[in-house]
S.K.: 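This structure is in structure tokens; I'll ask about it shortly.
For the single chain, residues carry numbers from 1 onward in sequence order.
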Amino acid sequence: MTEKDVKEQLLGYRQSIDNIDAALLHMLAERFRCTKEVGLLKARYDLPPADPAREEYQIERLRRLAKDAHLDPDFAEKFLNFVIKEVIRHHEAIAAEHGGTKQSA
């Protein structure tokens, strides 16, 4: 394989990676749009920002999905924990804005 061939192949992979990154960001934006609505609903009915039982279920589910997809389940759990923390932070802020109680996980 020539150097030109290698560079073209590398460029092709990088274009795919860039497309995947863009799709991931759009999916995260949609996820956070939905979790904002959940936060508003929780604030309206004075529900706590965190739901430990749901979080535990989701972590177990994502670990299984990661394993099936040949992705490191520990990585998937770390990623989901990061997202959950951010969602809870948003829900706490929404509750504070709407006069709800601020309860932590």
S.K.: What is the minimum heavy-atom distance between Pro73 and Arg63, and which atoms define it?
M.R.: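 Closest approach of Pro73 to Arg63: O-NH1, 3.2 Å.
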
S.K.: Output the distance between atom CG (Leu10) and atom CG (Asp5), rounded to the nearest 0.5 Å.
M.R.: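 Atom-to-atom, Leu10:CG and Asp5:CG are 12.5 Å apart.
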
S.K.: Could you tell me which non-hydrogen atom of His91 sits nearest to which non-hydrogen atom of Val38, and how far apart they are?
M.R.: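 Heavy atoms only, the tightest pair is CE1-CG1, 3.7 Å.
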
S.K.: What's the separation between atom CG in Asp72 and atom NE2 in His70, rounded to the nearest 0.5 Å?
M.R.: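 One gets 13.0 Å once the value is rounded to the nearest 0.5 Å.
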
S.K.: Determine whether Leu80 and Gln58 satisfy the following criterion, side-chain contact (heavy atoms from CB on, under 4.5 Å), listing intermediate values before the conclusion.
M.R.: CA-CA 8 Å; Leu80 185 60; Gln58 283 296 92; 4.0 Å; yes

S.K.: Given salt bridge (charged side-chain N to carboxylate O under 4.0 Å, His left out), test Arg89 with Glu86 step by step and report yes or no.
M.R.: CA-CA 5 Å; Arg89 188 179 71 77; Glu86 190 65 12; 2.4 Å; yes

S.K.: Measuring from atom OG1 of Thr35 to atom CG of Leu41, what distance do you get when rounded to the nearest 0.5 angstrom?
M.R.: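 The CG atom of Leu41 is 12.5 Å from OG1 of Thr35, to the nearest 0.5 Å.
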
S.K.: Find the distance between CG (Leu65) and CD (Glu60) and round it off to the nearest 0.5 Å.
M.R.: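 Going from the CG atom of Leu65 to the CD atom of Glu60 covers 12.0 Å.
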
S.K.: Set out, in order, the CA-CA distance, both residues' side-chain angles and the distance that settles side-chain contact (heavy atoms from CB on, under 4.5 Å) for His98 and Ile94, then state yes or no.
M.R.: CA-CA 6 Å; His98 290 83; Ile94 291 168; 3.7 Å; yes

S.K.: Measure the spacing between CZ of Arg54 and CD1 of Ile84 and express it to the nearest 0.5 Å.
M.R.: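 Answer for the CZ-CD1 pair, Arg54 versus Ile84, is 8.5 Å.
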
S.K.: Return the minimal non-hydrogen interatomic distance between Lys42 and Pro49, and the atom names on each side.
M.R.: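 That would be NZ-O, 2.9 Å.
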
S.K.: Enumerate donor-acceptor pairs with a distance under 3.5 Å from any side-chain N or O in residues 14-27 to protein atoms, sequence neighbours excluded.
M.R.:
residue : atom : partner : partner atom : Å
Ser16   : OG   : Gly12   : O            : 3.4
Asn19   : ND2  : Gln15   : O            : 3.4

S.K.: Can you hop from Val83 to Ile88 via hydrophobic side chains spaced under 4.5 Å?
M.R.: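 No, Val83 and Ile88 fall in different hydrophobic clusters.
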
S.K.: How far apart are the closest heavy atoms of Ala76 and Ala66, and which atoms are they?
M.R.: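 Heavy atoms of Ala76 and Ala66 come nearest at CB-CB, 3.6 Å.
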
S.K.: Would you check, one step at a time, whether the test side-chain contact (heavy atoms from CB on, under 4.5 Å) holds for Thr2 with Lys7?
M.R.: CA-CA 9 Å; Thr2 69; Lys7 286 183 179 183; over 6 Å; no

S.K.: When rounded to the nearest 0.5 angstrom, what is the spacing between CG in Leu62 and NZ in Lys67?
M.R.: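 It comes to 15.0 Å.
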
S.K.: Holding to ring-ring contact (aromatic ring centres under 6.0 Å, His included), I want the full list of residues that pass it with Phe32, two or more places apart in sequence or in another chain.
M.R.: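 By the ring-ring contact (aromatic ring centres under 6.0 Å, His included) rule, Phe32 matches His90.
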
S.K.: Pick from Glu37, Glu30, Arg31: which one makes a side-chain contact (heavy atoms from CB on, under 4.5 Å) with Cys34?
M.R.: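 That would be Glu30; it is the only one of Glu37, Glu30, Arg31 passing the side-chain contact (heavy atoms from CB on, under 4.5 Å) with Cys34.
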
S.K.: Is any side-chain heavy atom of Met1 less than 4.5 Å from a side-chain heavy atom of Gln9?
M.R.: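 Side chain of Met1 against side chain of Gln9, heavy atoms only: contact under 4.5 Å found.
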
S.K.: Do Val87 and Phe79 share a hydrophobic cluster (ILVMFWY, side-chain heavy atoms under 4.5 Å, transitive)?
M.R.: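 Yes; Phe79 is reachable from Val87 via cluster members.
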
